[in-house]
Structures are given as C-alpha cells and as structure tokens.
Amino acid sequence: MDKLFIVANLKSYKTETEARVWLEVFKKINENPQVFTQKEILICPSFTLLSLFSNFFKENNLPVKVGAQNVSPFEEGAYTGEVNAGQIKEFGDYVIIGHSERRSNFKESDDVLLNKVKISLEHGLTPVYCVQDKDTLVPENVSILAYEPIFAIGSGNPDTPENADEVAKSFVDKNKIVLYGGSVNPENIRSFTQKENIKGVLVGGASLDGQEFIKIIQNA
Ligand code: 13P
C-alpha cells in the first residue's frame, strides 16, 4: 500500500500565540499513534512559524514534517523580503510551489516557478507543485503534485472525486504522485483518498483547527 500524504496549508493565518494553541490541541494525536501508519503528515505554516513547528514536533516525538508555502527564486543575497531555500531547509523538508493564490495575487509566472523548483531541489527541499487543471505546465523534476481546481478552493464546493481522479490519472501516467486540494474536510476526505490515482490531500481551511485536522488524518 502506498503512503498517503496529508498536507496542511495554513496560508497567511496564525500568530505565534494562535499557533501554540493549535499545537497543544494537535499534540493529542499522540494518544492514538496508529493513525500515523502509512501516512506522511506535513504542516506548512508561515515562515515566522517554521522554527516553532519544527522544534515542537521534534520535542514531542511527533512524526510530522514541516514545509514552507513559498520560496525565493534566488539564492541568498540582496533580495529584500525573500526567504531562500537554504533558510527553509534548516526547519523543513518540503515547499509548496505554484499555488493558485500566488499565481494570481503575486503574478508568479511559469518561469519564476521553474526557478523556485530548481533551487528547492538543489537545497534538498521536495516541492509540492500545485496544478489547476490537466493542462498546467509541470517542471520536469517535480515528483509530487497537488491538483487544486480554483473553483474548489475555500468555496465549500469540492471537485467530484471522479473528476479529481481522472485529472490525477493524467499526471500519474507521467509518473507523478498526485494529491487533491479544494474544500477537503473530515467528512469528504475518504471519497478522495479511496480513489486509485489520488495519494493524499492538501487542506486549507479545515486544517486551521487542530482538532479538525486530527479528524482529517483519522478519516483518511
Ligand atoms: P481549502 O481547503 O480552504 O479549500 O484550501 C485549499 C487550498 O488552497 C490548499 O492549498
């Protein structure tokens, strides 16, 4: 059986105080450690919280990985406001690249995204590359994709598991691991993860509550 990826994208939410509350709630998952079997759990908080999350998981022996939601397309240098791949790698192993919110709000082009992928891989970060449909261009060396149709993000209106599976299949045929994202919650997660071509989920809103996120992991 393949491992399931359960990824939380906390987006631009949570102060440090709020993140500490989330972590204390989430820690209770340890009462039921078998939920981790065959799963890769990954939390992607804001840059300001990477160190807090990564230290907390280590100190509490939680088998949970940390990732960033973005990365500079440049190496270290005079790029005011950017966080580079080497800095992220101190705390995390993954990075979300190409989210539709970055493509639309920050005008990230395919060329910029390609640089982000290249530089992330050079620093040992695994990109979780977001695609919006079957035709989204995918950089060659990316191995994990998240299919996130724009209409399903934050809308409470997920894609059908059948359609998501069909889109996933088109990328599985190109040897990619494909996750689904868009209005995933504890009630509908199983309908996606039981599909042949979907190997996990990328969760936004429903991951903001630690208890809700535990339910997602349990129900996957
Ligand atoms: P929602 O789960 O809130 O729809 O967000 C999905 C998403 O954008 C995850 O990256």
Side-chain angles (χ1 to χ4, degrees), residues 4-14 18-19 22 25-26 39-47 49-50 53 64-71 83 88 92-108 113 116-117 120 125-134 136 138-139 142-161 163-165 167-168 171 176-193 195 198-220:
L4 269 186
F5 286 81
I6 316 284
V7 185
N9 175 5
L10 300 183
K11 304 195 178 183
S12 188
Y13 291 101
K14 308 245 179 256
E18 290 164 346
W22 189 98
V25 172
F26 184 73
K39 291 185 190 124
E40 177 89 336
I41 314 290
L42 166 63
I43 315 292
C44 301
S46 298
F47 289 130
L49 302 171
L50 285 177
F53 275 75
V64 179
K65 300 276 171 58
V66 172
Q69 300 168 17
N70 184 27
V71 59
V83 177
I88 294 168
D93 295 310
Y94 289 87
V95 57
I96 297 172
I97 296 178
H99 195 284
S100 58
E101 289 157 9
R102 294 215 55 89
R103 292 178 195 256
S104 64
N105 296 315
F106 303 96
K107 307 287 174 274
E108 292 191 354
L113 297 176
K116 291 186 176 204
V117 166
S120 296
L125 292 171
T126 302
V128 175
Y129 196 82
C130 298
V131 299
Q132 289 68 51
D133 55 49
K134 272 184 191 169
T136 307
V138 178
V142 161
S143 58
I144 304 178
L145 300 182
Y147 163 55
E148 295 208 314
I150 291 170
F151 68 83
I153 296 179
S155 64
N157 176 30
D159 199 351
T160 61
N163 192 59
D165 190 54
V167 175
F171 291 109
K176 309 294 184 193
I177 293 168
V178 186
L179 321 182
Y180 168 75
S183 297
V184 171
N185 61 39
E187 284 70 48
N188 66 20
I189 181 163
R190 194 82 192 110
S191 66
F192 292 102
T193 53
K195 287 289 177 199
I198 299 175
K199 298 295 177 223
V201 288
L202 178 52
V203 186
S207 69
L208 293 175
D209 179 290
Q211 190 54 49
E212 193 84 346
F213 192 58
I214 291 178
K215 275 195 218 150
I216 286 189
I217 296 169
Q218 283 169 339
N219 293 355

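Both ligands and their constituent atoms are indexed starting at 1 by order of listing.
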N or O contact, I153 vs ligand 1, cut-off under 3.5 Å: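 No, I153 has no N/O under 3.5 Å of an N/O on ligand 1.
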Polar proximity ligand 1 side, H99 side, N/O cut 3.5 Å exclusive: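 Checking ligand 1 against H99, an N or O pair does fall under 3.5 Å apart.
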So do [Y] and [X] actually touch side chain to side chain, heavy atoms under 4.5 Å?
| X | Y | value |
| --- | --- | --- |
| I6 | I189 | yes |
| S207 | I216 | no |
| S46 | L10 | no |
| F5 | Y94 | yes |
| R103 | T136 | yes |
| F53 | K14 | no |

Just jot down the ligand 1 atoms closer than 4.0 angstrom to any heavy atom of [X], in number order.
| X | answer |
| --- | --- |
| S183 | 1 (P), 2 (O), 4 (O) |
| G154 | 1 (P), 3 (O), 4 (O) |
| G204 | 1 (P), 2 (O), 3 (O), 5 (O), 6 (C), 9 (C) |

Nearest to [atom], what protein heavy atom do you find, and at what distance?
| atom | result |
| --- | --- |
| atom 5 (O) of ligand 1 | K11 NZ, 3.3 Å |
| atom 3 (O) of ligand 1 | G205 N, 2.8 Å |
| atom 6 (C) of ligand 1 | E148 OE2, 3.7 Å |

Are [X] and ligand 1 in contact, using a heavy-atom cut-off of under 4.0 Å?
| X | answer |
| --- | --- |
| A206 | no |
| S100 | no |
| G181 | no |

Side chain, backbone, both or neither: the part of A152 lying under 4.0 Å from ligand 1 by heavy atom: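 It is the backbone that touches ligand 1; the side chain stays farther off.
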Results of side-chain contact (heavy atoms from CB on, under 4.5 Å) for S191 - residues two or more places apart only: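 Result, side-chain contact (heavy atoms from CB on, under 4.5 Å) vs S191: P161, N188.
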Qualifying residues under ring pair (Phe, Tyr, Trp, His ring centres under 6.0 Å), relative to F192, sequence neighbours excluded: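 Here the qualifying residues are Y180.
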